[in-house]
Novice: 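Okay, handing you the structure first.
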Amino acid sequence: MNRTYLPDYNLAITLLGGQSFGWDKIGDTFIGFTVDRAAKIKREGEYILWQTYPVHDDWDWLSSYLRLDIDYENIIKEISKDKYIKSAIKAYPNLRILNQNFEEAFISFLCSPTKSIVGIRQCIRLLADKFGDKLLLDDREISLFPKAERLAQADINEILACKVGFRAKNIHEAAQKLMKEPVTERIQSLKLNEARTELMKFRGVGDKVADCTLVYGLGFNEITPFDVWGKRIMQKYYGFNEKAKYEDMSLWMKEYFNGYAAWAGQFLFEYIRSR
DNA sequence: TCTCAGGGGCGAT
DNA sequence: ATCGCCCCTGAG
């Protein structure tokens with residue numbers, strides 16, 4: 001295991017909250033899989049012990065995944081102007097947003113509609129076991145997140161067997177569409193609004209799935225996804241009424257948090273939902 | 001055993 | 001713009 005100084009990073013809530021679905025805490029070690037790497041991370045005081053697989057010692061990958069390139073202090077400073085956010089930061093210090101692979105985040109959130117987080121996690125593991133590459137983490141075999149290419153080739157019934165229900169068709173279609181043209185490269189090159197429009201052209205992608213993909217898979221900081229909890233919170237704490245539209249709440253958050261709505265939302269929704 | 005909501009979105013009105 | 005339905009699971 002490598003040892004790296006990283007005091008201000010809340011591994012538990014960042015890795016096990018609802019932004020990525022491939023992580024488990026086994027004993028005091030976080031073990032997770034993504035589409036191209038698996039990793040072990042363990043906190044030791046102000047340091048982390050870590051290893052990556054199948055490529056070992058890949059700090060370039062891990063630091064990018066953990067998104068250590070952003071100016072976290074500044075973001076915290078910016079969003080702390082809101083009193084609820086301030087409380088949330090106090091309750092969950094050092095919560096972060098991960099930088100996930102675009103296709104991985106996209107496919108993950110295609111599994112999410114009307115599912116609980118445990119449900120999504122279960123689907124992702126079944127898909128990984130059926131379609132993902134296998135590799136050995138020391139003494140333990142683990143499946144990587146399936147590549148879109150593999151899902152595109154799959155029989156729809158195989159995908160259905162992963163308990164995704166009516167989402168199977170959406171996942172299959174999306175994977176095929178990602179293979180057809182260089183859609184991934186193109187979407188990754190677009191600005192926020194254009195990328196959002198492109199994502200919404202996929203079957204199964206509405207406001208929520210699009211925004212989750214934009215924030216967790218494409219690195220946009222300036223918007224936040226609203227789930228049912230998010231909507232309730234906006235009503236309870238920020239004066240939106242029951243009829244408030246997704247777009248209205250989204251625009252307001254974008255303005256209010258001035259470029260960092262993603263981070264504000266992450267704190268806010270994590271904080272209130274877990275109470 | 002049953003009901004119900006769960007980090008929504010689609011398609012018919 | 002509204003509303004029933006999509007498939008499946010775990011909680012109550």
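Quantities reported herein were computed from a predicted structural model and do not represent experimental measurements. A, B, ... follow the sequence lines: proteins, then strands. Residue 1 opens every chain.
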Novice: Closer than 4.0 Å, any side-chain N/O of Arg232(A) to the OP1 or OP2 of dG6(B)?
Specialist: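 So the side-chain polar atoms of Arg232(A) do come within 4.0 Å of the phosphate oxygens OP1 or OP2 of dG6(B), strictly under.
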
Novice: Atom CD of Glu242(A) to atom P of dC3(C): distance rounded to whole Å?
Specialist: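 Taking atom P of dC3(C) as the reference, CD of Glu242(A) is at 12 Å.
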
Novice: With rounding to whole Å, what would you report as the distance between dT9(C) and dC10(B) at their C1' atoms?
Specialist: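 Those two atoms are separated by 22 Å.
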
Novice: When you measure from the side chain of Thr114(A), which nucleotide among dG9(B), dG7(B), dG6(B) comes out closest?
Specialist: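 So the nucleotide nearest the side chain must be dG6(B).
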
Novice: Please tell me if Arg203(A) has a side-chain N or O lying less than 4.0 Å from either OP1 or OP2 of dG11(B).
Specialist: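 Affirmative; the distance criterion is met.
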
Novice: Between dA5(B) and dC5(C), how many Å separate the two P atoms, rounded to a whole number?
Specialist: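 Between the two P atoms, the distance is 15 Å.
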
Novice: So for Arg167(A) and dC7(C), does any side-chain atom that can act as donor or acceptor lie under 3.5 Å from a complementary atom in the base?
Specialist: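 Such a pair is found, so the answer is yes.
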
Novice: In whole Å, what is the span from the CG atom of Asn170(A) to the P atom of dC7(C)?
Specialist: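 So the CG-P distance, Asn170(A) to dC7(C), works out to 12 Å.
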
Novice: Which label fits Phe21(A) and Phe109(A): parallel for a plane angle under 30°, tilted from 30 to 60°, or perpendicular past 60°?
Specialist: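 Perpendicular, since the angle between the ring planes exceeds 60°.
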
Novice: According to the Watson-Crick and G-U wobble definitions, with both distances under 3.5 Å, which nucleotide is paired to dG7(B)?
Specialist: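 Here dG7(B) is not engaged in any pair, so there is no nucleotide opposite it.
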
Novice: Could you state the CD1-P distance from Ile117(A) to dA11(C), rounded to the nearest angstrom?
Specialist: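 That distance rounds to 14 Å.
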
Novice: Mind checking Tyr216(A) for me? I need base, sugar-phosphate or nothing, with any heavy atom below 4.0 Å counting as a touch.
Specialist: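 Base contact.
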
Novice: In this structure, how many angstroms lie between the C1' atom of dG8(B) and the CG atom of Leu199(A), rounded?
Specialist: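 It works out to 15 Å between those atoms.
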
Novice: Is the closest side-chain donor-acceptor distance between Asn94(A) and Tyr72(A) under 3.5 Å?
Specialist: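 No, no side-chain donor-acceptor pair sits under 3.5 Å.
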
Novice: Select base, sugar-phosphate, or nothing to describe what Lys208(A) touches, counting heavy atoms under 4.0 Å on all strands.
Specialist: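 It contacts base atoms.
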
Novice: How would you label the contact of Asp207(A) with the nucleic acid (heavy atoms, under 4.0 Å): base, sugar-phosphate, or nothing?
Specialist: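 The residue Asp207(A) makes sugar-phosphate contact but no base contact.
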
Novice: Give a yes/no verdict on base stacking between dC6(C) and Phe166(A): centres under 5.5 Å, planes within less than 30° of parallel.
Specialist: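 Yes.
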
Novice: Work out how far the C1' atom of dT2(C) is from that of dG7(B), and round it to whole angstrom.
Specialist: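 After rounding to an integer number of Å, I get 22 Å for this pair.
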
Novice: Given dT2(C), dG9(B), dG7(B), which nucleotide is nearest the side-chain atoms of Asp227(A)?
Specialist: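 Of the candidates, dG7(B) comes closest.
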
Novice: For the side chain of Gln122(A), counting heavy atoms from C-beta on, which of dG6(B), dT2(C), dT9(C) is nearest?
Specialist: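 Looking only at heavy atoms from C-beta outward on Gln122(A), the closest nucleotide is dT9(C).
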
Novice: Using distance alone, with no hydrogens and no angle criterion, decide if Gln100(A) and Thr34(A) have a side-chain donor and acceptor under 3.5 Å apart.
Specialist: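 Distance-only check fails for Gln100(A) and Thr34(A).
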
Novice: Determine the contact category for Val118(A): base if any of its heavy atoms lies under 4.0 Å from a base atom, sugar-phosphate if only primed atoms, P, OP1 or OP2 are that close, otherwise nothing.
Specialist: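 Result for Val118(A) = nothing.
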
Novice: Rounded off to whole Å, could you give me the NZ-to-P distance for the Lys115(A) and dC4(B) pair?
Specialist: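 Taking NZ of Lys115(A) and P of dC4(B), I get 19 Å after rounding.
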
Novice: Expressed in whole Å, how much space separates the P atoms belonging to dG4(C) and dC4(B)?
Specialist: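 After rounding to an integer number of Å, I get 14 Å for this pair.
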
Novice: Both Val205(A) and Phe269(A) contact DNA chain B. Taking the nearest nucleotide for each, which residue is further toward the 5' end?
Specialist: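 Counting from the 5' end, the first nearest nucleotide belongs to Phe269(A).
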
Novice: Atom CH2 of Trp263(A) and atom CD1 of Ile85(A): how far apart are they, to the nearest 0.5 Å?
Specialist: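 One finds 13.0 Å between CH2 of Trp263(A) and CD1 of Ile85(A).
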
Novice: With a 4.0 Å cut-off on heavy atoms, is Gly119(A) in touch with a base, just the backbone sugar-phosphate, or nothing at all?
Specialist: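 No contact.
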
Novice: When the distance from NZ of Lys163(A) to P of dG10(C) is rounded to whole Å, what number comes out?
Specialist: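 After rounding, the reported distance stands at 6 Å.
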
Novice: Atom CD1 of Ile171(A) and atom C1' of dC6(C): how far apart are they, to the nearest Å?
Specialist: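 It works out to 13 Å between those atoms.
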
Novice: If I take atom CG in residue Asp248(A) and atom P in nucleotide dA1(C), what distance separates them, rounded to the nearest angstrom?
Specialist: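 Going from Asp248(A) (CG) to dA1(C) (P), I get 11 Å.
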
Novice: Heavy atoms, side chains only, cut-off 4.5 Å: are Asn170(A) and Phe202(A) in contact?
Specialist: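 No, their side chains stay 4.5 Å or more apart.
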
Novice: Counting only Watson-Crick or G-U wobble pairs whose two distances fall under 3.5 Å, which nucleotide matches dC7(C)?
Specialist: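 Result: none.
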
Novice: Kindly compute the distance separating NZ (Lys191(A)) from CG (Leu218(A)), expressed to the nearest 0.5 Å.
Specialist: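 Spacing of NZ (Lys191(A)) from CG (Leu218(A)) equals 14.0 Å.
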
Novice: Find which nucleotide of DNA chain B each of Ser116(A) and Phe202(A) is nearest to by heavy atoms, and output the residue with the more 5' nucleotide.
Specialist: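 In this pair, the answer is Ser116(A).
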
Novice: Which whole number of Å gives the distance between the C1' atom of dG10(C) and that of dT1(B)?
Specialist: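 That atom pair is separated by 15 Å.
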
Novice: Going by an N to O cut-off under 4.0 Å, is there a salt bridge joining Arg150(A) and Asp133(A)?
Specialist: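 Answer for the salt bridge query: no.
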
